[in-house]
Amino acid sequence: MTDITNQSLKEIIESIKSKKISSLDLTKSYIKNIEGAKKLNTFVTTTFDQALDKAKEFDSKPNYEQTLPGIPLAVKDLFCTENIKTTAGSNILNNFIPSYESTVTKNLWDNGAFLLGKLNCDEFAMGSSNETSFYGNVINPVGDKLVPGGSSGGSSSALAANLTPATIGTDTGGSIRQPASFTGIVGLKPTYGLCSRWGIVAFASSLDQAGPMTKTVTDCAIMLEAMSSFDEKDSTSINKKKEFYSKNLKDSIKGLKIGIPKEYRVNNMPKEIDELWEKGKKILKDLGAKLIDISLPHTKYALPTYYIVAPAEASSNLARYDGVRYGHRSEKGKDLIEMYENTRSEGFGDEVKRRILIGTYVLSSGYYDAYYLKAQKVRQLIKKDFDDNFTKVDAILTPSTPSSAFKIGEKTKDPVSMYLNDIFTVPVNLAGLPALSLPAGFDKQGYPLGLQLIGKALDEQKILNIGYAFEKNCGFKNKIKKWWS
Amino acid sequence: MSLDKEKIKHVAKLARISVDEAKVDSLTKDLNSIFKFIEQLNELNTDKVEPLTSILNQSLRPRKDQISDGKIREKILKNSPKKNEEFFVVPKVVE
């Protein structure tokens, strides 16, 4: 018998619609997989009883018109879920039970899906390896002792190990695309403002964006359709007409112009990444796309800019964790100020503390102009690089990451070497653009590698189409063997 | 520039995070290497560049100044680590 959990979301939806499988049996299959995959440490919370009830409810009164009919889904534990603990991977939210639902997850449930559980992530989404989570590091199903990427590492790992048919993550500097690349899956960071930020635990508000993580490009289009919406409750939400990305998927890319930025060929980049990029270019060229050499001259300044802007916003956003209104509260301290200081010291992990301190410093009196204002100016130059080039090209092709998945503990001692993981993903967040990471090949150890397609603002359909055509002609097949149960 | 231990303790005070004395050295080292990395930006002349304050091509939407919820005190207090019936409770502030 074929294992339903091996299939794509689209195939699973078809099986539900043709009554080949009930929502209840589907849900039970995933629960069985999750129970057998504790070693991967992907889940912080499971909601099996509730999921089984929802599945039975669907089966008794099925609505096949919905985008996600009777589909169980696990989501990153950064999305607030009503009456279900939401930790953001932090000790400071160890006991936090939201009384409201994030807009993005509500959209998924309104489209027929229901929650299987909450997925591990780097603490407050600050990390590139899922090693900063209070709930322990997640293991990449690609290999024992390998990181799954971060911050949406629980999401990438759970999807690659067939513990959920699709999932969602958030991407502030690469947190969807880098883990997608490390686990051989598809990940999309949408245009800033396309998916509501309401109810998502905030990290850096001018960069944070939720997006889908899926097995195929078609699945990615289905999920984006279900999760995106205009939302009054998010002041930066874009008010636009609903798009039907999956229905409008086209695999013809003849005549499209694809930019190849020379600045993405960085020093010491492994040969395999370069070869992968060449392979990607050839596939698109053979499909009739035109390759154009372009220059994004400020690329090297994107990461330093990010490490001012993101910590500055984080230090402000995380000021709310004071032990008074929700979350952990220290028993130590003789007065209010000491209670704050001890609460935050006990509640936050080392990486979060580092970033709060960086942010506090760059915003502090006397340093604001030298750091924060400077970063805002360079951010303008980075955005302009993209604006200038998007008058000449339809999309830009780059590698997703400068390496494949690395070993647990390999980069934790040197924060800057960890930050360099996001060198190809961060510029897109600073410019607010959409970008799709596609699994495209393997390195010599057999670990997956990804390529990134960057689009104009709100041009998701086009990069999904290019991705769709690419996927059909790339022949990528994940080689994950089930070693963990 | 480099950050010394005293500066870091001061910033930690501003951020309301108590820092373990034993960890100050490694924190100083980490933050200095991060700032060295960040300061690459000084290579760029940005005198004539406008700072980017929003990446959206739209201005923020003002909302109507009206109450859209209310009577949710219980919900708001539910997650509080210390409360009495109607209020959050903090350590004594005034003598």
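Note on naming: letters A, B, ... go to the chains in the order of the sequence lines (proteins, then strands), and numbering restarts at 1 for each one.
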| message | If I measure from the heavy atoms of chain B, does S206(A) come under 4.5 Å with its side chain, its backbone, both, or neither? | response | backbone
| query | Do you see a donor-acceptor pair shorter than 3.5 Å between the side chains of S205(A) and N317(A)? | reply | yes
| Side chain, backbone, both or neither of Y419(A) within contact of chain B (heavy atoms, under 4.5 Å) | side chain
| query | So with a 6.0 Å cut-off around CZ of F87(B), is the heavy-atom count from everything else above 12? | reply | no
| query | Of the backbone (N, CA, C, O) and the side chain (C-beta and beyond), which part of A431(A) lies under 4.5 Å from a heavy atom of chain B, both, or neither? | reply | backbone
| task | Name the region of V93(B), side chain, backbone, both or neither, that has any atom closer than 4.5 Å to a heavy atom of chain A. | result | side chain
| request: Determine whether F124(A) and L318(A) make a side-chain contact, defined as any pair of heavy atoms from C-beta on separated by less than 4.5 Å. | output: yes
| Proximal component of I382(A), with respect to chain B [non-hydrogen, under 4.5 Å] | neither
| Side chain, backbone, both or neither: which part of I34(B) has a non-hydrogen atom closer than 4.5 Å to chain A? | both
| Near K353(A) NZ, under 6.0 Å, is it more than 12 heavy atoms from other residues, nucleotides or ligands? | yes
| said: Between T191(A) and chain B, with a heavy-atom cut-off of 4.5 Å, which part of the residue counts as in contact: side chain, backbone, both or neither? | reply: neither
| Is it the side chain or the backbone of T343(A) that comes within 4.5 Å of chain B heavy atoms, both, or neither? | neither
| field | Residue pairs, two or more places apart or on separate chains, that pass side-chain hydrogen bond (donor to acceptor under 3.5 Å, both in side chains) and touch residues 66-93 of chain B | value | none
| Ring geometry between Y326(A) and F96(A) (parallel below 30°, tilted from 30 to 60°, perpendicular above 60°) | tilted
| task | Answer with side chain, backbone, both or neither: which region of L420(A) has an atom nearer than 4.5 Å to a non-hydrogen atom of chain B? | result | side chain
| request: Below 4.5 Å from any heavy atom of chain A, which atoms of L41(B) appear? Answer side chain, backbone, both or neither. | output: both
| query | Non-hydrogen atoms of chain A under 4.5 Å away: do they reach the side chain of L56(B), the backbone, both or neither? | reply | side chain
| field | Any residue meeting side-chain contact (heavy atoms from CB on, under 4.5 Å) with A312(A), in chain and number order, not counting sequence neighbours | value | V362(A), L363(A), Y372(A)
| query | More than 12 non-hydrogen atoms from neighbouring residues, nucleotides or ligands closer than 6.0 Å to NZ on K29(B), yes or no? | reply | no
| Does any heavy atom of chain A fall under 4.5 Å from the side chain of T53(B), the backbone, both, or neither of them? | both
